Amino acid sequence: MPATMTLKANTPSTDNVVPLRANFLPRHREYLMRWLDAGTCMGLCDVDVSPRSGNGPIEHVLVWVRENADPAYLLRPEGMNWVLVDNLRDHRLGTFKTFEAALYAIRPVLACGATAAA
């Protein structure tokens, strides 16, 4: 047996690390459509959900309001939160724990926390 031994440190392998990321679920799409429908009287015009790739996770949600031809808001998952950005001024407005709370910050047209069943 050798007099000296080299021990390998038990460092976690980065090959198996999966970053946590909020997902856009079917209940989010349903809530988004209900929110858009309820918000037309408050100037909401349209939304677009852009996937990262064909069927992969979403990259962002764009929201149009009647005052602007360009999308006014951008909403994207970041870790386990949702980030709301003023798309016209490229200014981060806030980080929200839920998708519904981020939409509520844009226009409070549905009760906050009024999620649809999954």
Side-chain angles (χ1 to χ4, degrees):
M1 186 162 181
T4 59
M5 292 179 65
T6 305
L7 297 175
K8 292 184 179 179
N10 287 335
T11 56
S13 171
T14 57
D15 297 340
N16 296 330
V17 175
V18 177
L20 293 177
R21 183 174 169 92
N23 287 323
F24 190 76
L25 303 172
R27 71 177 176 87
H28 291 129
R29 185 172 301 279
E30 182 197 336
Y31 187 86
L32 180 63
M33 293 301 113
R34 286 193 306 127
W35 176 79
L36 179 62
D37 186 49
T40 55
C41 63
M42 291 182 70
L44 294 175
C45 288
D46 199 7
V47 295
D48 180 42
V49 180
S50 297
R52 183 176 292 269
S53 62
N55 290 331
I58 69 159
E59 179 72 24
H60 59 263
V61 175
L62 294 172
V63 178
W64 279 264
V65 296
R66 80 173 142 232
E67 295 86 14
N68 298 302
D70 294 324
Y73 300 97
L74 180 136
L75 182 58
R76 70 174 183 269
E78 186 175 278
M80 292 305 294
N81 296 313
W82 293 89
V83 175
L84 178 60
V85 176
D86 178 338
N87 198 52
L88 298 172
R89 294 171 189 83
D90 194 26
H91 177 73
R92 188 178 182 134
L93 298 173
T95 303
F96 301 88
K97 294 286 183 193
T98 66
F99 181 72
E100 294 82 1
L103 292 178
Y104 187 85
I106 296 172
R107 295 284 196 281
V109 296
L110 294 177
C112 194
T115 59

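None of the values given here were measured: they were computed from a predicted structure. Side chains are part of it too, since the values below use all heavy atoms of this structure and drop only hydrogens, waters and symmetry mates.
Residue Val85 is found in a hydrophobic cluster whose other members, listed by chain and number, are Leu62, Trp64, Leu74, Val83; membership requires side-chain heavy atoms under 4.5 Å apart, directly or through intermediates.
Within the model, atoms CG of Leu84 and OH of Tyr104 stand 14.5 Å from one another, a figure rounded to the nearest 0.5 Å. Remark: Arg27 CZ to Glu100 CD distance equals 5.0 Å, nearest 0.5 Å.
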Check against side chain to side chain contact (heavy atoms under 4.5 Å, CB included), Tyr73 and Val61
CA-CA 8 Å; Tyr73 300 97; Val61 175; over 6 Å; no

I'd like a table of donor-acceptor pairs (distance under 3.5 Å, sequence neighbours excluded) in which one partner is a side-chain atom from residues 86-96, with atom names and distances.
unit_1	atom_1	unit_2	atom_2	d
Asp86	OD1	Leu88	N	3.1
Asp86	OD1	Arg89	N	3.2
Asp86	OD2	Arg89	NH1	2.8
Asn87	ND2	Pro71	O	3.2
Arg92	NH2	Glu78	OE2	2.9
Arg92	NH2	Thr95	OG1	3.1

Kindly list each side-chain donor-acceptor pair under 3.5 angstrom involving residues 35-45, sequence neighbours excluded, with atom names and distances?
unit_1	atom_1	unit_2	atom_2	d
Trp35	NE1	Leu103	O	3.3
Trp35	NE1	Arg107	O	3.0
Thr40	OG1	Asp37	O	3.2

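Residues Lys97 and Asn81 are in side-chain contact: their nearest non-hydrogen atoms beyond the backbone lie under 4.5 Å apart.
In this view, Phe99 and Phe24, His28, Trp82 satisfy the ring pair (Phe, Tyr, Trp, His ring centres under 6.0 Å) rule, not counting sequence neighbours.
One hydrophobic cluster, built from ILVMFWY side chains closer than 4.5 Å, cannot hold both Leu25 and Leu110; they sit in different ones.
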